[in-house]
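Report on the following structure.
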Amino acid sequence: MKTDTNKMKTFYDANGYLTSVDVLDEKELFQAQKEHAKLEEKFGKEYAQYNLHNIHMQYEWVMNLATHPNLLIAITAVLGPNVILLDSRFICKYPASEVPHKEDTAPYVAWHQDIKYWGFEGGPVASVWLAFDDVDAENGVLQIIPGSHKQGILEHRTAEIPGNMLTANQEIPKHLVNAEDMVECPLNAGQMSVHDGLTVHASEPNMSDRRRCGFVIRYVPTTAYPIKDPERPRTFPATVLVAGIDEYKNFKDNAPNFFTKTL
């Protein structure tokens, strides 16, 4: 395992991402899909597209996903042993047959860097996509520009094309994106990708007849600290220490009563 984690870190440091990391076995995946289906039924698919936010604070099964041993092995490999869960959100791109596109505009995610609007400094952020469905080019696979995390924070502006799912409707201008270097990160359900907060990435609309749903989780090392960002003020009500120790105490440990840290 040590060799594997060393390889993970080497690749991640050079390229800014990992992909096809096995997390859930068949039984675990089935159970997670079943629990998520209950939320879809309760709230409706239109709501479930983007609004199941930080529910690791409410549902033990969601927290169990965010602290799955296979997941934390990779996260601690790239961030170090002391890690805080910063934020989580389910993101689902449904086919138009299930959730009609508003104003006939297919939702997509523009080229961007996660860290641009996160409101903290002092450390990197690692973003996980834990796939609940198989992901490929047809249903809106993650697109990555390898090595782009070494460029620093790039200019972002308001997206030109309608349908951008990002909360601030931001995008990196095309002339700053080396699109010819783009790689796709297809996943089987139960696998995850991880990318650095500075890695330039995007995803196209889901034009298939299949759903593309994933659990997005952000992690930071305990060295990170919140800052006041006038562009986009943020609060962090759902931070949880999930690995190691926190000698800095920059973020409150909001661990729910049902959670016991094991790493």
Side-chain angles (χ1 to χ4, degrees), residues 1-26 28-29 32-33 65-80 83 85-93 108-115 124-151 165-166 172 177-208 210-221 243:
M1 186 61 71
K2 187 174 181 181
T3 302
D4 289 345
T5 56
N6 287 339
K7 286 181 179 178
M8 280 182 180
K9 180 164 176 55
T10 299
F11 185 91
Y12 189 85
D13 288 348
N15 296 281
Y17 75 100
L18 299 171
T19 191
S20 302
V21 179
D22 294 325
V23 178
L24 305 179
D25 63 28
E26 190 174 332
E28 291 169 330
L29 174 63
Q33 290 171 329
L65 292 178
T67 57
H68 193 287
N70 294 339
L71 185 153
L72 288 182
I73 284 170
I75 291 300
T76 54
V78 301
L79 290 182
V83 175
L85 190 170
L86 188 72
D87 186 271
S88 76
R89 185 187 296 271
F90 282 93
I91 297 179
C92 294
K93 287 183 177 180
Y108 72 101
V109 175
W111 289 112
H112 69 289
Q113 295 167 304
D114 289 338
I115 207 166
V125 59
S127 294
V128 163
W129 177 282
L130 177 57
F132 271 49
D133 303 313
D134 294 344
V135 184
D136 54 40
E138 286 187 355
N139 66 346
V141 69
L142 175 68
Q143 300 172 332
I144 290 277
I145 308 296
S148 54
H149 63 305
K150 299 175 182 178
Q151 297 177 272
M165 292 181 75
L166 297 173
I172 299 172
V177 179
N178 299 320
E180 66 277 6
D181 297 333
M182 181 268 288
V183 298
E184 295 182 339
C185 297
L187 298 171
N188 295 324
Q191 292 184 321
M192 74 173 178
S193 62
V194 188
H195 62 267
D196 184 86
L198 285 169
T199 300
V200 176
H201 62 290
S203 62
E204 297 288 341
N206 179 4
M207 304 307 287
S208 75
R210 295 176 291 123
R211 186 187 72 168
R212 177 204 175 213
C213 188
F215 185 35
V216 176
I217 323 152
R218 270 81 184 224
Y219 302 89
V220 294

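Since the structure is predicted, the reported quantities are computational estimates derived from the model, not experimental observations. Quick note: residue numbers are just sequence positions, from 1. When reading the values below, keep in mind they use all heavy atoms of this one structure, side chains included, and skip hydrogens, waters and symmetry mates.
Shown here are the salt bridge (charged side-chain N to carboxylate O under 4.0 Å, His left out) partners of Arg210, two or more places apart in sequence or in another chain: Asp136, Glu138. By the salt bridge (charged side-chain N to carboxylate O under 4.0 Å, His left out) test, Asp114 pairs with Arg218, sequence neighbours left out. The salt bridge (charged side-chain N to carboxylate O under 4.0 Å, His left out) search around Asp133 returns Arg211, not counting sequence neighbours. With sequence neighbours excluded, the residues forming a side chain to side chain contact (heavy atoms under 4.5 Å, CB included) with Pro205 are Ala106, Tyr108, Met207, listed by chain and number. With sequence neighbours left out, the side chain to side chain contact (heavy atoms under 4.5 Å, CB included) criterion links His149 to Asp196, Leu198, Thr199. For Thr76, there are no side chain to side chain donor-acceptor pair (under 3.5 Å) partners, not counting sequence neighbours. Listed by chain and residue number, Cys92 satisfy the disulfide bond (SG atoms under 2.5 Å apart) test with Cys213 (two or more places apart in sequence, or in another chain). The side chain to side chain donor-acceptor pair (under 3.5 Å) search around Thr10 returns none, not counting sequence neighbours. In this structure Asn139 satisfies the side chain to side chain donor-acceptor pair (under 3.5 Å) test with no other residue, sequence neighbours excluded. By the side chain to side chain donor-acceptor pair (under 3.5 Å) test, Asn70 pairs with no residue at all, sequence neighbours left out. Listed by chain and residue number, Leu85, Phe215, Ile217, Tyr219 satisfy the side chain to side chain contact (heavy atoms under 4.5 Å, CB included) test with Ala66 (two or more places apart in sequence, or in another chain).
If you take CG on Leu72 and OG1 on Thr67, they are separated by 6.0 Å, rounding to the nearest 0.5 Å. Taken to the nearest 0.5 Å, the CE atom of Met192 stands 10.0 Å off from the CG atom of Leu187. Between the CD atom in Glu28 and the CD atom in Glu26 there is a gap of 11.0 Å [rounded to 0.5 Å]. Distance check: Lys7 NZ to Leu18 CG gives 13.5 Å after rounding to the nearest 0.5 Å. One distance of note links CD1 of Ile144 with CG of Leu142; it measures 4.0 Å at 0.5 Å rounding. For the atom pair Leu130 CG and Ser88 OG, the distance stands at 11.5 Å (nearest 0.5 Å).
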(message) Assess the residue pair Leu65 and Leu24 against the criterion (side chain to side chain contact (heavy atoms under 4.5 Å, CB included)); give the C-alpha distance rounded to whole Å, side-chain angles, the decisive distance to 0.1 Å, and a yes or no.
(response) CA-CA 9 Å; Leu65 292 178; Leu24 305 179; 3.9 Å; yes
(request) Begin from the C-alpha positions of Gln143 and Cys185 and carry the test side chain to side chain contact (heavy atoms under 4.5 Å, CB included) through to its verdict. (result) CA-CA 6 Å; Gln143 300 172 332; Cys185 297; over 6 Å; no
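Looking at every heavy atom in both residues, Val21 comes nearest to Ala74 through CG1-CB, 4.5 Å. Ser203 and Gly140 get closest at one heavy-atom pair: CB-O, 3.6 Å. Closest of all the heavy-atom pairs between Arg212 and Val141 is NH2-C, 4.3 Å.
You'll find the side chain of Val194 stays beyond 4.5 Å of the side chain of Trp129, heavy atoms only. Side-chain atoms of Leu71 and Val128, non-hydrogen and from C-beta on, do get closer than 4.5 Å to each other. Within the 4.5 Å cutoff, the side chain of Pro124 has heavy atoms near those of the Leu79 side chain. For the pair Gln113 and Ile172, the minimum side-chain heavy-atom distance is below 4.5 Å.
Distance alone, capped at 3.5 Å, places no donor-acceptor pair between the Lys150 side chain and the Gly16 backbone. Between the side chain of Gln33 and the main chain of Phe132, a donor-acceptor pair closer than 3.5 Å is present. At distances below 3.5 Å, at least one donor-acceptor pair connects side-chain atoms of Asn206 with backbone N or O atoms of Ser208.
Between His201 and His112, the two ring planes are tilted [angle within 30° to 60°].
For residues 181-193, every residue pair satisfying the side chain to side chain donor-acceptor pair (under 3.5 Å) rule, not counting sequence neighbours, is listed here: Asp22-Gln191.
Test Asn178, Val177, Val200, Asn15 against Ser148 for side-chain contact (heavy atoms from CB on, under 4.5 Å) and you get one pass: Val200.
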